[in-house]
Number of protein chains: 2
Amino acid sequence: MGSQVKNRPQSIHGWVAAELGTRIVSGVYAPGEYIPNETTIGEELNVSRTALREAFKILAAKGLIESRPKLGTRIRPRKYWNMLDAEILSWCFESKPSPQFFISLFEIREIFEPAAAELAAKNRTEDQVAKLSDAYQAMENAELGTEEVFSSDLEFHLAVLEATNNEFMISLGMTIQTAMMGLFRLSSSIEEEYKDSLPDHRAVYEAIAQQDAAGAKQQMFELLADSKENLDYALKHFVE
Amino acid sequence: MGSQVKNRPQSIHGWVAAELGTRIVSGVYAPGEYIPNETTIGEELNVSRTALREAFKILAAKGLIESRPKLGTRIRPRKYWNMLDAEILSWCFESKPSPQFFISLFEIREIFEPAAAELAAKNRTEDQVAKLSDAYQAMENAELGTEEVFSSDLEFHLAVLEATNNEFMISLGMTIQTAMMGLFRLSSSIEEEYKDSLPDHRAVYEAIAQQDAAGAKQQMFELLADSKENLDYALKHFVE
DNA sequence: TAGTGAAATTTATCATACAATAACATAAAG
DNA sequence: CTTTATGTTATTGTATGATAAATTTCACTA
């Protein structure tokens with residue numbers, strides 16, 4: 001009896017963190033609410049207190065929970081959640097996110113990506129321009145229908161990020177990119193759009209190479225505009 | 001004998017996480033390098049394996065380290081570090097950050113704060129306008145030389161964030177704000193600037209209230225420009 | 001040379017005991 | 001009656017020791 005669960009990934013504490021993390025972001029446990037005490041919930045999940053506490057530390061590190069002796073462990077207010085964390089994002093995707101979730105994600109992306117391109121145009125080194133060129137070439141050569149389509153696209157955007165030489169930009173961009181990629185992989189309209197987006201990518205690359213900050217920003221903005229139908233797709237297929 | 005250390009905060013695992021986190025961001029352990037195995041470093045720090053492992057989970061959750069059986073625990077490449085995490089930032093501040101660190105932080109701020117104001121002008125509700133108004137009033141009434149100067153300023157910027165109704169913006173903005181505040185508290189030039197910045201704050205508030213997105217963005221940009229000498233201060237006093 | 005398998009090292013998990021904390025109730029003192 | 005002190009108790013925090021699991025390494029074999 002008790003809790004039956006699907007796939008236990010690598011480690012148990014990892015699985016517990018994912019299980020509880022998903023419960024939290026999906027609202028099973030609401031902010032302010034207290035999680036049952038460690039021994040109780042440990043029995044419910046059939047894990048030792050040790051493993052459970054290691055999971056708690058993970059969740060606490062991401063701002064989701066807060067533990068105090070005598071009081072217990074409770075869910076922190078949403079505004080303290082580290083939403084731009086890869087794991088939290090993946091837990092959100094598993095939880096039938098609200099439309100607002102996707103809208104917000106696209107809003108951030110529309111702010112962030114052009115800004116990254118602008119910064120890259122200002123800060124990039126010659127080496128980084130070369131890498132960017134390689135990444136663009138890989139996109140041109142990618143065979144439709146293969147995984148290459150996604151990986152080369154991802155590679156290009158990561159090359160832009162690195163060219164910003166701003167570690168915060170890089171950190172932020174990595175999580176946003178991978179989140180978006182996870183979404184795009186499920187979208188069907190990708191194949192056709194891919195060819196069409198090549199000129200846009202080239203324009204971004206060239207603007208960065210020429211240190212044309214305003215141009216890079218603008219070109220990236222246009223690139224994003226074209227892929228915006230993915231938002232519609234997400235809204236249709238992911239929200240309940 | 002052994003390791004002598006200053007202040008052990010609340011919990012031991014919390015202290016260990018801070019201690020090792022600081023070592024990592026300051027480069028004592030370099031990316032790719034392996035940390036001594038759990039029993040060894042546990043003895044060095046005089047903590048049980050239990051507490052040490054809980055600290056490891058915290059660091060792993062923030063992307064700093066990665067553990068594997070037989071191999072051990074090693075520092076992950078910098079690009080996987082969750083740099084926009086409040087704790088990681090505080091560990092960075094304690095470690096004589098490079099000039100590039102501060103420059104990057106200010107770059108990020110200059111991108112996201114105006115974007116947040118713009119978004120707030122678009123998405124804000126009437127309730128949020130009221131809160132923003134209150135926050136501005138508190139700034140006007142704040143007595144110079146008191147903690148109120150900082151707290152009301154912080155309150156205002158947080159109110160802008162909340163008005164974006166974008167949970168990613170809120171999460172991102174909170175960490176940036178608190179990091180900057182920690183810096184400004186140490187700057188001497190704050191007092192004079194404070195009065196001067198009131199009109200700018202008011203302009204931001206009014207633009208948001210009037211749903212003037214472009215205006216809000218522009219006004220916030222100007223507000224930041226005025227406080228930019230704090231960067232000079234940081235560069236002078238924090239870098240070695 | 002390739003493949004197979006045993007060994008060794010390290011993390012992962014569990015069980016148990018005890019310490020520390022802080023909320024709450026209770027009682028004592030003013 | 002209010003305040004202060006004290007003890008009780010529920011919960012997390014820490015320590016220890018034992019065992020399991022993972023996986024790299026390396027020797028051995030075909």
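So you know, we letter chains A, B, ... as the sequences are listed, proteins then strands, and number each from 1. In this text, all values refer to a predicted model and were calculated from it rather than measured experimentally.
With hydrogens and angles disregarded, no donor-acceptor distance shorter than 3.5 Å links the side chain of A/Asn82 to the backbone of A/Gly63. A donor-acceptor pair under 3.5 Å is formed between the side chain of B/Ser95 and the backbone N or O of B/Trp91.
Scanning both residues, B/Met139 and B/Tyr194, for their nearest heavy atoms gives O-OH, 2.9 Å.
Atom CD in B/Glu54 sits about 15 Å away from atom C1' in C/dT11, given to the nearest Å. In this structure, the CG atom of B/Leu52 is 12 Å from the P atom of D/dT14, given to the nearest Å. As a whole-Å value, the separation of A/Asn46 CG from C/dT13 P is 14 Å. What separates CZ of A/Phe56 from C1' of D/dT12 is a distance of 10 Å, to the nearest Å. Summarising the geometry, the separation between CG on A/Leu45 and P on C/dT13 is reported as 14 Å, rounded to the nearest angstrom. Rounded to whole angstrom, the span from the CZ atom of A/Arg74 across to the C1' atom of D/dT12 amounts to 14 Å. Between A/Trp15 atom CH2 and C/dA12 atom C1' the separation is 15 Å, expressed in whole Å. One can place CZ of A/Arg49 at 8 Å from P of D/dG13, the figure rounded to the nearest angstrom.
In the set D/dA15, C/dT11, C/dC14, C/dT11 carries the atom at the smallest distance from any side-chain atom of B/Thr73. Side-chain atoms of A/His13 lie closest to C/dT13 of the nucleotides D/dG13, D/dT16, C/dT13.
Put simply, the side chain of B/Thr50 and the base of D/dA15 share a donor and an acceptor less than 3.5 Å apart.
Neither side chain, A/Asn165 nor B/Gln100, offers a donor N or O lying under 3.5 Å from an acceptor on the other. When only modelled atom types and interatomic distance are considered, A/Asn37 and A/Thr39 share a side-chain donor-acceptor pair under 3.5 Å. With hydrogens and angles left out, the side-chain atoms of A/Thr73 and A/Tyr29 include no donor and acceptor closer than 3.5 Å.
Within residues 29-39 of chain A, the residues that place at least one heavy atom under 4.0 Å from DNA chain D are, in residue-number order, A/Asn37, A/Glu38.
Within the model, atoms CD of A/Glu19 and CD1 of A/Ile24 stand 10.5 Å from one another, a figure rounded to the nearest 0.5 Å.
Remark: aromatic rings of A/Phe168 and B/Phe101 are close, center separation under 6.0 Å.
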Could you write out each protein N or O paired with an N or O of nucleotides 21-25 of chain D at a distance under 3.5 Å?
{"from": "D/dT24", "atom 1": "OP1", "to": "B/Arg68", "atom 2": "NH2", "distance (Å)": "2.5"}

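Relative ring orientation between A/Tyr205 and A/Tyr136 is described as parallel, the plane-to-plane angle staying below 30° on a 0-90° scale split at 30° and 60°.
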